[in-house]
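One structure is given here, and the rest of the page talks about it.
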Amino acid sequence: MNLFSRPHTSRRTPTAPSRPPQAPSSPTSSPTSGPVLLDPALAALTGEWIIDPAHSRIGFSVRHAMVTTVRGAFTDYKSRLYLDGRDPSRSQAEIVLSTGSVDTGVEQRDAHLVGRDFLDAATHPRMRFRSTAVRLKAPDVYVMTGDLTIKSTTRPVDLELTYIGNVTDPFGYQRAGFDGTTTINRMDWGLSYNSRLAEGGAMVSETVRLQFDIAAIRTAPEMN
């Protein structure tokens with residue numbers, strides 16, 4: 001089921017039946033023309049949500065020494081999400097991460113990442129993603145454009161999000177799931193430290209993949 005558009009029973013495009021040659025159909029008669037119809041039932045999802053850190057992961061992966069992949073995550077962050085079931089373009093997201101919360105499973109490597117060579121957590125304790133636009137790309141797939149701030153640099157990125165579904169858990173919380181990813185060049189944010197290999201390649205690749213495995217919980221409306 002799409003979060004913002006009518007659910008589809010299948011993601012496979014139906015094959016047109018065989019028929020004799022004839023004049024082209026009017027564009028208005030094509031089943032694929034026109035705007036995507038919104039499912040009124042999904043309007044019930046409209047409202048404020050937050051990321052559940054216990055069941056979510058905001059991570060990254062990067063090539064190391066050109067032959068292996070190092071993966072890590074930020075373990076401390078705050079979030080605010082607004083989902084609009086009537087109009088996806090009105091949906092918004094903001095995530096603020098603690099740069100000192102990097103965890104790659106190796107203490108020495110984590111210390112290097114939060115030091116001055118990379119994130120410089122002592123001077124820049126936060127990094128931020130704030131959405132600026134949302135559009136439907138395909139069934140269950142959305143592109144969220146936003147501003148990513150690392151250190152003192154803010155640049156736009158496109159985050160591709162796949163909507164997984166929503167449920168009410170045994171404790172009565174309404175949950176929605178998303179998987180998201182985007183790829184950035186760390187040099188664009190001033191993370192320019194590098195050392196070279198004897199073969200001529202970089203010890204740490206410039207390309208970094210950011211990964212968002214999100215379990216969102218709907219928040220109760222504030223009382224006046």
Side-chain angles (χ1 to χ4, degrees), residues 3-4 45-62 69-85 87-104 110 113-114 118-138 140-164 166 175-193 204-219:
L3 180 58
F4 301 120
L45 295 180
T46 299
E48 300 282 346
W49 300 67
I50 59 171
I51 297 173
D52 175 11
H55 299 93
S56 302
R57 182 179 184 274
I58 299 179
F60 60 89
S61 60
V62 61
T69 299
V70 171
R71 293 176 173 84
F74 294 93
T75 60
D76 182 17
Y77 51 85
K78 297 183 182 299
S79 65
R80 182 173 181 179
L81 315 175
Y82 176 76
L83 306 182
D84 194 314
D87 181 358
S89 67
R90 292 171 54 88
S91 297
Q92 300 176 5
E94 183 175 7
I95 306 173
V96 180
L97 305 97
S98 169
T99 52
S101 70
V102 168
D103 182 6
T104 66
D110 296 345
L113 289 175
V114 303
F118 288 99
L119 294 171
D120 193 6
T123 306
H124 305 280
R126 302 286 182 267
M127 56 188 294
R128 182 191 306 266
F129 173 81
R130 178 180 291 165
S131 68
T132 56
V134 179
R135 64 178 176 85
L136 178 65
K137 179 179 179 180
D140 296 328
V141 180
Y142 301 82
V143 175
M144 176 175 282
T145 299
D147 291 329
L148 176 62
T149 301
I150 304 176
K151 298 173 81 170
S152 57
T153 301
T154 300
R155 296 179 63 90
V157 298
D158 287 334
L159 175 63
E160 184 169 296
L161 290 166
T162 299
Y163 171 63
I164 299 172
N166 74 92
R175 295 176 174 270
F178 300 87
D179 285 340
T181 185
T182 189
T183 300
I184 66 171
N185 186 320
R186 60 184 175 86
M187 300 294 188
D188 293 338
W189 281 265
L191 307 180
S192 56
Y193 171 85
V204 181
S205 69
E206 297 179 5
T207 300
V208 181
R209 184 184 181 196
L210 304 180
Q211 300 149 319
F212 299 78
D213 302 317
I214 302 300
I217 301 177
R218 185 165 194 164
T219 59

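Quick note: residue numbers are just sequence positions, from 1.
- Counting all heavy atoms, side chain and backbone alike, I217 lies closest to D52 at CD1-CB, 3.6 Å.
- Note: L161 CG to D140 CG = 12.0 Å, rounded to the nearest 0.5 Å.
- Rounding to the nearest 0.5 angstrom, the gap separating the OG1 atom in T182 from the CZ atom in F212 is 7.5 Å.
- Of the possible polar contacts, one joining the T99 side chain to the P125 backbone as a donor-acceptor pair under 3.5 Å is found.
- With sequence neighbours excluded, the residues satisfying side-chain contact (heavy atoms from CB on, under 4.5 Å) with S89 are D87.
- In this structure, S192 has no side chain to side chain donor-acceptor pair (under 3.5 Å) partners at least two apart in sequence or on a different chain.
- Side-chain atoms of W189 and M127, non-hydrogen and from C-beta on, never get closer than 4.5 Å to each other.
- Nearest heavy atoms, S98 versus S101: O-OG, 2.7 Å.
- The shortest distance between side-chain heavy atoms of I95 and F74 does not fall below 4.5 Å.
- Side-chain atoms of D110 and T104 form a donor-acceptor pair, as typed in the model, at a separation below 3.5 Å.
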Can you give me every donor-acceptor pair (side chain of residues 144-153, partner residue at least two apart or in another chain, under 3.5 Å) with its distance?
from	atom 1	to	atom 2	distance (Å)
T145	OG1	D158	OD1	2.7
T149	OG1	T154	OG1	2.6
K151	NZ	F118	O	3.2

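- In terms of the salt bridge (charged side-chain N to carboxylate O under 4.0 Å, His left out) criterion, residue partners of R90 (sequence neighbours excluded) are, by chain and number, D84.
- Considering all non-hydrogen atoms of both residues, G72 and R57 come closest at O-NH2, 2.9 Å.
- Under the 4.0 Å criterion applied to side-chain N and carboxylate O atoms, R130 and E94 are assigned as salt-bridge partners.
- In this structure, I214 CD1 and T162 OG1 are separated by 12.5 Å, a value rounded to the nearest 0.5 Å.
- Side-chain contact between F178 and L159: absent, with no pair of heavy atoms (C-beta onward) separated by less than 4.5 Å.
- Across every non-hydrogen atom of S91 and S131, the tightest pair is O-OG, 4.3 Å.
- For the pair T181 (side chain) and L210 (backbone), a donor-acceptor distance under 3.5 Å is present.
- Contact record, V62 with S205: CG2-OG, 3.1 Å, taken as the closest heavy-atom pair.
- With rounding to the nearest 0.5 angstrom, the OG1 atom of T207 is 5.5 Å from the CG atom of N185.
- The backbone N or O of A176 sits nowhere less than 3.5 Å from a side-chain atom of R218 that would complete a donor-acceptor pair.
- Among all heavy-atom pairs drawn from P53 and Y77, the shortest one is CA-OH, 3.4 Å.
- Judged by distance alone, the side chain of S56 and the main-chain N or O of I51 form no donor-acceptor pair under 3.5 Å.
- Rounding to the nearest 0.5 angstrom, the gap separating the CD atom in Q211 from the CZ atom in F60 is 9.5 Å.
- Two residues are said to be in side-chain contact when any heavy atoms from C-beta on lie closer than 4.5 Å; L119 and H124 fail this criterion.
- The side-chain contact (heavy atoms from CB on, under 4.5 Å) search around K78 returns none, not counting sequence neighbours.
- Listed by chain and number, the residues in a side chain to side chain donor-acceptor pair (under 3.5 Å) with D213 amount to none (sequence neighbours excluded).
- With rounding to the nearest 0.5 Å, the separation of CG in L45 from CG in L83 is 7.0 Å.
- The backbone N or O of D120 lies less than 3.5 Å from no partner atom in the side chain of T123, so there is not a single donor-acceptor pair.
- Looking at T46 and Y82, their side chains come closer than 4.5 Å, going by heavy atoms from C-beta outward.
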